[in-house]
Number of protein chains: 2
Amino acid sequence: MGMVRWEPGARERLQAAAMDLYISRGYEKTTAADIAQAVGLTERTFFRHFADKREVLFSGQELLEQAILEALAAAPQGAAPLDMVASALSALAAFFPVERRVHSRRRQTIISANPALQERELLKMAGLAAVVAAALRARGVSGSTATLAAESGVTVFSVAFGKWIAEGEERSFLDIQREVLGELLAMTAGAA
Amino acid sequence: MGMVRWEPGARERLQAAAMDLYISRGYEKTTAADIAQAVGLTERTFFRHFADKREVLFSGQELLEQAILEALAAAPQGAAPLDMVASALSALAAFFPVERRVHSRRRQTIISANPALQERELLKMAGLAAVVAAALRARGVSGSTATLAAESGVTVFSVAFGKWIAEGEERSFLDIQREVLGELLAMTAGAA
DNA sequence: GTCTATAGTGCGATAGAC
DNA sequence: GTCTATCGCACTATAGAC
C-alpha cells in the first residue's frame, strides 16, 4: 500500500467525472481542464485519453460493432436482409440490461441538451449502420438494399432506446425492440 | 456609382469562397479568416453570418422544411404514413434539378472527406426527420410510427441523393427516389 | 509537459441607409 | 434619431504540434 504514482482507471474516472460535471454545470460550461482536475490529472492527459471533449461520452462503440458482426456472421445463409438485421439488434440488447437504465438515462439527458453531442451521437450511429451495411453486402445483399436494411436497423434501435429510457418504462430492451420492429413492418406494409 | 461601403450578397460570396477553399486547400487547412479575406471581409464578419465554420455549407434547410410541411399539409386526410412521406419526398425532388448536380457533387465531395462536416449533415437530416415526424403526429399518426416513417423517409432521401450524384448517373432525382422507395418496400416485405 | 494556432464570443466604434 | 452591416480588439477554450 505504498504511494502510487497514478491511480489506475484514469479513463473510467475521467468518464465518470465528465458525466457528473456535464450534468451539474452543463456541457458547455465544463472545460476539459475542469474534468481532468476533478480526478487529479492535467488537461493534457484528458486529451491523451479522448480525442475531444465530446468523445468522453462515447466509448464502447467497438464492443457494439463486434457484437453486431458476430451476430451477422451467425445468421443463416440466405436469410432475408431484415432478418439478419433483427439478429444484430437482438445481440445489441445484451448491452442494455435493466441495471444500466439509470446510467443510460442520465447520459441521454446530457446529450439531448447539447446539439454538439447529438452530432457526435449521430455520427456514431451512422458508423454502426455502415458496419451493418458492409456486412450485409459481404453476405450478398445488393448495395442499396443493404444500406436501407442497415439504416432501418439503426432507426429501430434508436426508437427502442428512447422508449426503454422513458420514465416509468419497465419492459426489457429486447421486448421493446421487437415491438418497434413490428411497428416498422406494419408501417411499411400499410403503404399503397 | 460612387464607392459603396460594402458590396451586397456577403453571405452568398462567403459560401462560394468557402466551397472553393475547402476544395482547393481542404476544410481543416482553411481558416475562417481565409474565407473572409477571399471576399474582402474580416473573420468577425464571417461569424456574424454563420454560427461556425461548418454552417457555411449548410444553409437552405428552412426552404426544404417549408416544402416538406406544405406537401404534408396537402396530403389527403387519412393517408397512410408512408404515403404522406412519399409526398414530402416528391416535393423535395424539386430542389435537385439536373443543373444542380455538379454543385451537389462538389459539396458532397467536401463533406465526405471531413467527419466534422458529416456530423453537421447528420444533424440537419435528423432535423428534417423531426419536422416530418411532428407533422405526421399532428395528422394523427402514433408517436413511434411517425418517427419510423419520418426516419425511413430521410433514409430513402439520402440513398437516392447518393445515387443521383454518382458519376455517370443520368436519371432525375425523382425517378431515383421512387426506385429507392420501392426497394425499401420490397426489403421490408421480404422479412419473416 | 509546454507552446501555439484557430475557433468562436463579447462589446464598443464606425458609417451609411432610412 | 434608429437600424443594419461591418470592423477592431480583447479574450477564452480547444486541440494539435513540438
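Residue numbering restarts at 1 for every chain, and letters A, B, ... go by the order of the sequence lines. Everything numeric in this text was worked out from a predicted model, so none of it was measured.
One atom, CZ of A/Phe50, and another, P of D/dT14, lie 15 Å apart when rounded to the nearest Å. Computed from coordinates, the B/Leu41 CG to D/dG8 P distance equals 11 Å when rounded to whole Å. Note: CD1 (B/Ile35) to P (C/dG8) measures 11 Å, nearest angstrom. B/Phe46 places its CZ atom 11 Å from the C1' atom of C/dG8, with the value rounded to the nearest Å. Nucleotide D/dA13 holds its C1' atom 14 Å from the CZ atom of A/Arg54, rounded to whole Å. Atom pair B/Trp6:CH2 and C/dA17:P shows a separation of 8 Å (rounding to whole Å applied). Taking atom CD of residue B/Glu28 and atom P of nucleotide C/dA5, one finds them 18 Å apart after rounding to whole Å. Going from atom OH of B/Tyr27 over to atom P of C/dT6 covers 14 Å, rounded to whole Å.
No option in A/Glu65, A/Glu119, A/Glu55 other than A/Glu55 meets the salt bridge (charged side-chain N to carboxylate O under 4.0 Å, His left out) test with A/Lys124.
Looking only at atom types and distance, the side chain of B/Thr45 has a donor-acceptor partner in the side chain of B/Thr42 under 3.5 Å away. Side chain to side chain, B/Thr147 and B/Arg137 meet the donor-acceptor criterion of an N or O pair below 3.5 Å.
The side chain of A/Arg48 lies closest to C/dG1 when the candidates are C/dG1, D/dC7, D/dT14. Across C/dA7, D/dT6, C/dG8, the shortest atom-to-atom separation from the side chain of B/Thr31 is found for C/dA7. Comparing atom distances between the A/Ala32 side chain and each of D/dT6, C/dA7, D/dT14 picks out D/dT14 as nearest. For A/Lys53, the listed nucleotide lying nearest its side chain is D/dA15; candidates were D/dA15, C/dT6, D/dA5.
Contact of B/Arg44 with C/dG10 (side chain to base): a donor-acceptor pair of N or O atoms is detected under 3.5 Å.
Remark: B/His49 is in phosphate contact with D/dT6, judged by side-chain N or O atoms under 4.0 Å from OP1 or OP2.
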As a quick check of understanding, evaluate ring-ring contact (aromatic ring centres under 6.0 Å, His included) for B/Phe95 and B/Phe173, giving each step before the final call. CA-CA 9 Å; B/Phe95 288 89; B/Phe173 191 84; over 10 Å; no
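Position along DNA chain C of the nearest nucleotide to A/Thr42 versus B/Glu43 favours A/Thr42 as the more 5'-ward residue.
Contact annotation for B/Ala33: no contact, since no heavy-atom pair falls under 4.0 Å across all strands. Using a 4.0 Å heavy-atom criterion, one finds that A/Thr45 contacts no nucleic acid atom at all.
Using the six-membered ring where Trp is involved, A/Phe96 and A/Trp164 have ring planes that are perpendicular, over 60° apart on the 30 and 60° scheme.
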